[in-house]
2 protein chains.
Amino acid sequence: MPQTPSPSKREQLIHTALTLFSRYGFHATGIDLIAKESGVTKRTLYAHFGSKDELVVATLRHLDEQLRSYFLKHTNGACEDPKQRLLSVFDAAGFWFSEDNFFGCTFINAIGEYAESNDSIRQVCSEYKRLSREWIKGLCEQAGAPNPQQLSDELSLILEGAIVTAQVSPQLDAAAIAKRAATALVEQALKDA
Amino acid sequence: MPQTPSPSKREQLIHTALTLFSRYGFHATGIDLIAKESGVTKRTLYAHFGSKDELVVATLRHLDEQLRSYFLKHTNGACEDPKQRLLSVFDAAGFWFSEDNFFGCTFINAIGEYAESNDSIRQVCSEYKRLSREWIKGLCEQAGAPNPQQLSDELSLILEGAIVTAQVSPQLDAAAIAKRAATALVEQALKDA
DNA sequence: ACCAAAGTATACAGATCAGTGTACTTTGAA
DNA sequence: TTCAAAGTACACTGATCTGTATACTTTGGT
């Protein structure tokens, strides 16, 4: 009816799949449910994705883009000072944790379910984490850290810990704890510069 | 045949289940396989555990004991100096990560699969993490930290990050990165004392 | 030697799973 | 207006899943 095409079925399917996979897990989410929730027949789903594993990979790739742009948006405009910008990564994480549809890191959950059975799924997850580390390394360089590799390794690990802590122990303010630890490490690193 | 009773079927089932759940995930591991690998009939399995969810909970409780005693053993005798003992937590983590049957934190994997569908499973996971934090807090107190709660919150979060990093990015030496960050935080905390 | 508890063997129920076959309908652009 | 691509509707396959029924056998303590 409308000349402007509605969001393609493909996008709709990925969006629905991401929601269900994140909330209920991968094996626990059936193809039939994803199709029904997307308002699409199973036949159409299989026209776009040859198998469930392919849909999982496409969904994780979409999450990769979505999550990295989320962090970019919530940190780039946050502050002019490069040190504050680096630390605002953990404020962005705090926003993320407080969202209704936060169920931990879906990449980690995917690894837990598919590590031994599907290499391409594992690869997408590792790649996201690698790009994430690279981005933080860039922020460390901008902040003038003398050893940006070392600092970003530590801050990335702290970010991972914050995500998991927010998932498993939601009564803790994981983002705040992480930011406090990160602040100490950053200030010590910059003092040496 | 032997008068010394072989390890009970119950223990055998839990041991097998832990191995398979950790390696392949929970939903991906069927009851039939667990029974067969345990050398036990499915009927016997259901005599010990009323349902798969009950077996999952029992398995996680067993892992709770196993994992905490593992860390106790690898840190208590490690060093007399309480500060070094605190930091040796990350050496113990390094040993764990290098084991063949390390597939990340099975508690975190369980949360990812069951968070929205089974409260008791979620509870066992949260409880393990809480006890783990309490134990680290005790080590912080022994080391003379002026604010052991704050320091242990940060170190626990770093430990979580190390576990996840070791799982997702095995090419990194997550334990070493974590220990370096932890050392900086501990020394700064003790300097204030 | 007896007997109850525990385990075996095996078939089965009922649900759900991923994925397919077939015939029909809508859509949008040339 | 025509026509091919995309989607629908729906039944269906074969595998696998959790959990159960039934009848038999082993085991260990008294």
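All heavy atoms count here, side chains included; hydrogens, waters and symmetry mates do not. Chain letters run A, B, ... following the sequence lines, proteins first, then strands; residues in each count from 1.
In the model, B:Arg23 has no side-chain atom that pairs as donor or acceptor with a side-chain atom of B:Thr29 under 3.5 Å. Donor-acceptor pairing under 3.5 Å is lacking for the side chains of B:Thr16 and B:Thr19. B:His62 and B:Gln66 are linked by a side-chain donor-acceptor pair at a separation below 3.5 angstrom, with hydrogens and angles left out of the test.
Between B:Gly39 and A:Ser51, the residue whose closest nucleotide on DNA chain C is further toward the 5' end is B:Gly39. Heavy-atom distances to DNA chain C give each of B:Thr41 and A:Lys42 a nearest nucleotide, and the one nearer the 5′ end belongs to B:Thr41.
With C:dT8, C:dA18, D:dC10 as the candidates, the nucleotide lying closest to the side chain of A:Arg43 is D:dC10. The side chain of A:Ile31 sits closest to C:dA18 out of C:dA18, D:dG19, D:dG7.
Residue A:His48 has a polar side-chain atom (N or O) positioned under 4.0 Å from OP1 or OP2 of D:dG7. Contact between the side-chain N/O atoms of A:Thr44 and the OP1/OP2 oxygens of D:dA6 is not found at any separation under 4.0 Å.
A straight line from OH of B:Tyr46 to C1' of C:dA11 spans 16 Å, rounded to a whole angstrom.
If you check every strand for non-hydrogen atoms under 4.0 Å, A:Gly50 touches nothing.
Looking at B:Thr44, its side chain never comes within 3.5 Å of a backbone N or O of B:Val40 through a donor-acceptor pair.
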